[in-house]
Amino acid sequence: MPLASLRLTPTPPFNFAETLSSHGWVVLAPNTYHKETNSFSRIEELPGGAVVHLRVSAEGENVLIRAESAATLTAAQKNVIKTRVAHMLRLDDDYSTFYKLARKKGPPWAILARRGLGRMFRSPTVWEDAVKTVLTTNIAWGGTKRMAATLVNKWGAPSPLDPKQRAFPTPQAIAAVPLKKFEAKAGLGYRGPYLHQLARRLSAGELDLQVWLDPSIPADDLYRQLLAVKGIGPYAAANLLMLLGRYDRLGYDTIYRDFVSAKYFSGRVLPLKDMLAVYDDWGEWKFLAYWFEMVMAEE
DNA sequence: TTCCAGGGGTAGA
DNA sequence: TCTACCCATGGA
């Protein structure tokens, strides 16, 4: 079986382990987290339909991708893999102004820069991140994992190396399933019709989610575009803004409510405006300040 | 049995 | 812009 070793060089400071564990995405199918080796694996479908097994780990300061495939990969396929993994790990992002602000605030914030915190793990496509975000709404984490696994197992492209292992389903694969059948087999509850409609719109070319990665779109416009998608409300839109690299708008959910009320208001829940004002002075970095303050509090 | 989980859509004000 | 009400699903 052809095996290719590909390498990526992140901009320091980069912390591979912290990036993987930055939030829960790394354990959602088709990702598998390997704690013992500080790595993750993933089945990935490439343009043209080839399905490959990726194993991603740290190699000194670099990132090593081992790609196993049925046929020898072309240079173009290797480039796609490198681009997608770099996107997942946010290797090209610049956190220097965030770290500068953290250092200015002194302890305990200065540790953010020393540890290279800030990169939030994400999916290769906005489609996958949008689906997974909807799968986190109004459900316990175990339910999110179950639903992601069901989508992959039922409609993901199978690997020629091991047909039991599958990639994340494309919008086309989901759009091809009749709605009633999709609802019955996916077990997504009220989320089913929303995701099916999104898949159909993407499949028909009515909508292109990748354009949301364009940093020139004003944040407020982007937020409105996100809310215009059925199934995406204020919480999901804020989570997606984070995944798209915009950290200036906080999502208010039960996690935020519980953490901020305990940390800043002696367990009381204040009006929304006051709850959100806690991180105001972090400007464009509000979400990362909130998230990593919570990470540090758990340690 | 009842509650609720990293909410969202809709109608009506 | 805000509120009440309903919306599947599965674990506790």
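Atoms considered below: every heavy atom in the structure, side chains included; atoms not considered: hydrogens, waters and symmetry mates. Chain naming here is simple, since letters A, B, ... match the order of the sequence lines and numbering starts at 1 in each.
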Verify the distance criterion only: is there a donor paired with an acceptor across the side chains of A:S39 and A:R55 at less than 3.5 Å? yes

Does one side chain, of A:W285 or A:T97, offer a donor that lies under 3.5 Å from an acceptor on the other?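 Looking only at side-chain atoms, A:T97 and A:W285 do form a donor-acceptor pair, the distance falling under 3.5 Å.
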
When hydrophobic residues are tied together by side-chain contacts of less than 4.5 Å, even through go-betweens, does A:L3 share a cluster with A:V63?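 No; A:V63 is not reachable from A:L3 via cluster members.
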
May I have the distance from [X] (atom [atom1]) to [N] (atom [atom2]), rounded to whole angstrom?
{"X": "A:L188", "N": "C:dG10", "atom1": "CG", "atom2": "P", "result": "10 Å"}
{"X": "A:K185", "N": "C:dT9", "atom1": "NZ", "atom2": "P", "result": "14 Å"}
{"X": "A:Y256", "N": "B:dG7", "atom1": "OH", "atom2": "C1'", "result": "17 Å"}
{"X": "A:E183", "N": "C:dT9", "atom1": "CD", "atom2": "C1'", "result": "13 Å"}
{"X": "A:L28", "N": "B:dG6", "atom1": "CG", "atom2": "C1'", "result": "12 Å"}
{"X": "A:R191", "N": "B:dG7", "atom1": "CZ", "atom2": "C1'", "result": "8 Å"}
{"X": "A:L227", "N": "C:dT1", "atom1": "CG", "atom2": "P", "result": "11 Å"}
{"X": "A:M242", "N": "B:dG6", "atom1": "CE", "atom2": "P", "result": "15 Å"}

Output the single nucleotide from [options] whose closest atom is nearest the side chain of [X].
{"X": "A:W291", "options": "C:dT9, B:dG7, B:dG6", "result": "B:dG6"}
{"X": "A:Y194", "options": "B:dG9, C:dA8, B:dA5", "result": "B:dG9"}
{"X": "A:N239", "options": "B:dG6, C:dG10, B:dG8", "result": "B:dG6"}
{"X": "A:A236", "options": "B:dG6, B:dG8, B:dA5", "result": "B:dG8"}
{"X": "A:K230", "options": "B:dG9, B:dG8, C:dT9", "result": "B:dG9"}

For a quick check of understanding: with a heavy-atom distance under 4.0 Å over all strands, which category does A:G231 fall into, base, sugar-phosphate or nothing? sugar-phosphate

Mind checking the [atom1] distance from [N] to [M]? Whole angstroms is fine.
{"N": "B:dG6", "M": "C:dA4", "atom1": "P", "answer": "24 Å"}
{"N": "B:dG9", "M": "C:dG10", "atom1": "C1'", "answer": "22 Å"}
{"N": "B:dG8", "M": "C:dG11", "atom1": "P", "answer": "23 Å"}

A:F121 and A:F40 aromatic centres sub-6.0 Å: yes

OP1 or OP2 of B:dG7 less than 4.0 angstrom from a side-chain nitrogen or oxygen of A:T254, does that happen here?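 The answer is yes; a side-chain N or O of A:T254 sits under 4.0 Å from OP1 or OP2.
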
Toward the 5' end of DNA chain B, by each residue's nearest nucleotide, A:V229 or A:H23: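 Its nearest nucleotide lies further toward 5', so the answer is A:H23.
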
Classify the ring geometry of A:H23 against A:W25: parallel below 30°, tilted from 30° to 60°, perpendicular beyond 60°.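 A:H23 and A:W25: parallel rings.
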
